[in-house]
Participant: 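Input: one structure, supplied below.
Quick note: numbers below take in every heavy atom, side chains included, and nothing from hydrogens, waters or symmetry partners. Order of the sequence lines sets the chain letters (A, B, ...), proteins ahead of strands, with each chain counted from 1. No experiment lies behind these values; they were computed from the predicted model shown.
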2 protein chains.
Amino acid sequence: MRPFHDTVLADDCLQALDRLPAKSVDLIFADPPYNLQLKGELLRPDNSRVNGVDEQWDRFTGFEHYDEFTRAWLEACRRVLSDTGTIWVIGSYHNIFRMGTVLQDLGFWILNDVVWRKTNPMPNFRGKRFTNAHETLIWAAKDSDQKRYTFNYEAMKALNDDLQMRSDWVLPICTGGERMKDGDGNKLHPTQKPESLLHRVILSSSNPGDVVLDPFFGTGTTGVVAKRLGRHYIGIEREPAYIEAAEARLAATEPADPDAVKVSAGKRAEPRIPFGSIVERGLIKPGTTLYDPRKRHAAKVRADGSLACENATGSIHKMGAHVQGVEACNGWTFWHLRRGKDFVPIDMIRQEVRAEVATA
Amino acid sequence: MRPFHDTVLADDCLQALDRLPAKSVDLIFADPPYNLQLKGELLRPDNSRVNGVDEQWDRFTGFEHYDEFTRAWLEACRRVLSDTGTIWVIGSYHNIFRMGTVLQDLGFWILNDVVWRKTNPMPNFRGKRFTNAHETLIWAAKDSDQKRYTFNYEAMKALNDDLQMRSDWVLPICTGGERMKDGDGNKLHPTQKPESLLHRVILSSSNPGDVVLDPFFGTGTTGVVAKRLGRHYIGIEREPAYIEAAEARLAATEPADPDAVKVSAGKRAEPRIPFGSIVERGLIKPGTTLYDPRKRHAAKVRADGSLACENATGSIHKMGAHVQGVEACNGWTFWHLRRGKDFVPIDMIRQEVRAEVATA
DNA sequence: ATGTCATCTGAATCGTATT
DNA sequence: GAATACGATTCAGATGACA
């Protein structure tokens, strides 16, 4: 084992990187500050306050400052990365475009951008934007002519029910027992990543015995998953509170039995198909008339997937309930579409879409 | 109708943009070329061609020229975009980081990055990477302090079965009858976007009658969906074959019924009813007692529409906030009125008044 | 033990019209 | 232009109290 392996370097990111030998690591995972630029406070509709990221380490004076920082640590990473190694970075729209540009400018060759689709993101409380429901990872090799990087294609396929692993990963955010807490029961780190995410990163692009470096180690998720998967880790972290937590986590982590590293994916739920997506796809056109099973009521489909009927508008479910004067209604089976002489429930269209999605 | 509305300008992107009046469009959708091996399609701001990108081109030159091109058309777009307008761009990892960086550098303010998750992407044949199963869109306002952009929150929520729309959109790629073919049955345009994607873009961030500009019009998907949804379009395209196909598609496109393109508006669009006018009309009498949802607090309505409670007086909102000890409160939904055995929010009275006003 | 209900929280660039 | 007042807005999941 080499001197830096399986340790946390308590130091500034750049200074620590400079101490590592050139070309000495096989995989880098970097989750740098995002430069969030949050202004005021944000309240939920129930008046509770959202605990935003206001840590000192996420404060930059502007894009120029952030780009300079990004360029510096990515250059330092480039030096320590082996020629066949690859690097992952993660970010949101605040910083991912800056990181992608710097990566390309430094000569890294992007292999994929990968989207982490969160199953349980924080909603948009003010209704002013789309729910920010994903983060973006970039996976890159050192050079455009480097073809010998590690990609465990079969392992990824196995993880995905024997279908090629796609560039969008559906995973929940880090909550519950996995989330590190401080003495008061508050989150210790504002942006702790889920182990499932690192599991996929490390399993896909490294081999047992490889060295995995995380220059923004935080509470050590990368190290924990690397250790469990039989890889060596090197962490770099400046905050003593994070280091302490990371080392405790690491001490409590047992490497998995080499045979047990394989993980089976959970069953995929039947995909939800919003009625609106059927309108969007042109399978039911705006302006189409829908009927209830006894043709007593008629409703008109609007471009946003809502129905208009009897001077009211709403979802297929709400309007089904409305015309019947009941509390709830399954609009999929209630509303019918004329097809020639026949009337078919709109659920039939949904089943056709589901079949299409499933075979894709 | 203005001179450029509902036409395709057969010209170079930059030259056509320069002919459009400043601040004259409400929404821009741009799907620019992203292949760096553009073989002469890349133009500098002075219209000179960038040569040599397809052979022995060096990475730095390639990106630098692509950035120059990107900066030029985004600057030109910025000039023609109205102050309350927004812009969408779409790309893959080859170019989206460059575009995002240039957008931010020009002062655009990113509202969301949106992932188009393809249900039927092309598989990765070599097994050397993850299946490239998504593309990225960026939605941006002109400035960080511009908050009056259009976002049809309720319509997006309606499209998604009454859950707020997320930043990841699951849509199939453009195939079948929708895909434009040339005389030999080959695809006419290499990257024709599905109409469903444009449906969501245009419906979310523009209103009927708005002007939608597409500076890389291709076979006219943006125009077709804009026309169908009752928006004006302006297309810019240089290739005669694409223009011909686009104009044929547009001629065959019928606008939807105007009622069908109306969209659920939400409470913000409703006329404001002062609480005092409800008291004035005698719908709630002075002296009436109002209660919070848990009946912990009671307040008395006064003749001027203010409330008195716990030795303080003020508006329904102020008093709601006061008794809860919070900054702000929606008094309409907070305060309840006794009706027989039940308690109903005073918002119900407001809705009755609104219905009355609407039919008057 | 089990179920129900209330409460809490997460990388967030989260108003607008009137005076 | 600045200050003030109005009043709109949330999803999934974990946790814990309590029946």
Participant: Listed in order of residue number, which residues of residues 147-159 of chain B have a non-hydrogen atom at under 4.0 Å from DNA chain D?
Facilitator: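 B/Y153, B/E154, B/K157, in order of number.
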Participant: Determine, step by step, whether B/S204 and B/R200 satisfy the side chain to side chain donor-acceptor pair (under 3.5 Å) criterion, reporting the C-alpha distance in whole Å, the side-chain angles of both residues, the deciding distance to 0.1 Å, and the verdict.
Facilitator: CA-CA 6 Å; B/S204 69; B/R200 201 173 286 185; over 6 Å; no
Participant: Side-chain contact, heavy-atom cut-off 4.5 Å: B/T84 with B/Y149?
Facilitator: no
Participant: Quick one: what's the B/S/- string for nucleotides 1-11 of chain C, heavy-atom cutoff under 4.0 Å, read 5' to 3'?
Facilitator: ------S-BBB
Participant: Given C/dA12, C/dG15, D/dG7, identify the nucleotide with an atom nearest to the side chain of B/R272.
Facilitator: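 Nearest nucleotide to the side chain: D/dG7.
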Participant: A/W332 ring centre to A/R350 NZ or CZ under 6.0 Å, with the angle to the axis within 45°?
Facilitator: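 Yes, A/R350 lies over the aromatic ring of A/W332.
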Participant: Do B/I284 and B/I346 have side chains that approach each other closer than 4.5 Å (heavy atoms only, starting at C-beta)?
Facilitator: yes
Participant: Distance under 6.0 Å and angle within 45° of the ring axis: does B/R78 meet both against B/F108?
Facilitator: yes
Participant: So, does A/R126 get its side chain near the phosphate of D/dA8, meaning an N or O under 4.0 Å from OP1 or OP2?
Facilitator: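 Checking A/R126 against D/dA8: no side-chain N or O falls below 4.0 Å of OP1 or OP2.
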Participant: Can you give me every donor-acceptor pair (side chain of residues 98-105 of chain B, partner residue at least two apart or in another chain, under 3.5 Å) with its distance?
Facilitator:
from	atom 1	to	atom 2	distance (Å)
B/R98	NE	B/D67	OD1	3.0
B/R98	NH1	A/T101	O	3.4
B/R98	NH1	A/Q104	OE1	3.1
B/R98	NH1	A/D105	OD1	3.1
B/R98	NH2	A/D105	OD1	2.9
B/R98	NH2	B/D67	OD2	2.8
B/T101	OG1	A/F97	O	2.9
B/T101	OG1	A/T101	OG1	2.8
B/T101	OG1	B/F97	O	3.0
B/Q104	OE1	A/R98	NH1	3.1
B/D105	OD1	A/R98	NH1	3.1
B/D105	OD1	A/R98	NH2	2.8

Participant: Base, sugar-phosphate alone, or nothing: which one does A/G177 contact when heavy atoms must sit under 4.0 Å apart?
Facilitator: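 If one applies the 4.0 Å heavy-atom cut-off, A/G177 turns out to touch the sugar-phosphate alone, with no base involved.
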Participant: Centre-to-centre under 6.0 Å for B/Y291 and B/H297, is that the case here?
Facilitator: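 Distance test on ring centres: not under 6.0 Å, no.
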Participant: Is it true that a side-chain atom of A/D304 and a backbone atom of B/E154 form a donor plus acceptor pair closer than 3.5 Å?
Facilitator: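 Not confirmed, A/D304 side chain does not pair with B/E154 backbone.
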Participant: Is the A/F216-A/W57 ring centre distance short of 6.0 angstrom?
Facilitator: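 Judged by ring-centre distance (under 6.0 Å), A/F216 and A/W57 do not meet the cut-off.
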Participant: Looking only at atom C1', what distance separates C/dA11 and D/dT15, rounded to whole Å?
Facilitator: 23 Å
Participant: Using a cut-off of strictly less than 4.0 Å, decide whether B/R350 has a side-chain nitrogen or oxygen near OP1 or OP2 of D/dA8.
Facilitator: yes
Participant: Reckon B/N330 has a side-chain N or O less than 4.0 Å from the OP1 or OP2 of D/dA8?
Facilitator: yes
Participant: Within the sub-3.5 Å range, which N or O atoms of nucleotides 16-19 of chain D have a protein N or O partner, and how far apart are they?
Facilitator:
none

Participant: Could you list by number each residue of residues 309-320 of chain B showing a heavy-atom separation from DNA chain D of less than 4.0 Å, or answer none if no residue does?
Facilitator: B/S315, B/H317, B/K318
Participant: Answer with base, sugar-phosphate or nothing: what part of the nucleic acid does A/T119 contact at a heavy-atom distance below 4.0 Å?
Facilitator: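 Here A/T119 touches the backbone only, sparing every base.
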Participant: Pairs counted only when both distances fall under 3.5 Å, Watson-Crick or G-U: show me the 5' to 3' dot-bracket for DNA chain D, [ ] for pseudoknotted crossings and | for other-strand partners.
Facilitator: .|||||....|||||||||
Participant: Could you work out the separation of C/dT16 and D/dT10 based on their P atoms and round it to a whole Å?
Facilitator: 15 Å
Participant: Between A/W88 and A/W139 (judged by ring centroids, cut-off 6.0 Å), do the two rings come close enough to count as a pair?
Facilitator: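 That pair passes the under 6.0 Å test.
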Participant: Touch check for A/N132, heavy atoms < 4.0 angstrom, all strands: base, sugar-phosphate only, or nothing?
Facilitator: sugar-phosphate
Participant: Say you pick atom P in C/dC14 and the same atom in D/dA5; how far apart are they, in whole Å?
Facilitator: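 Rounded to whole Å, the distance is 24 Å.
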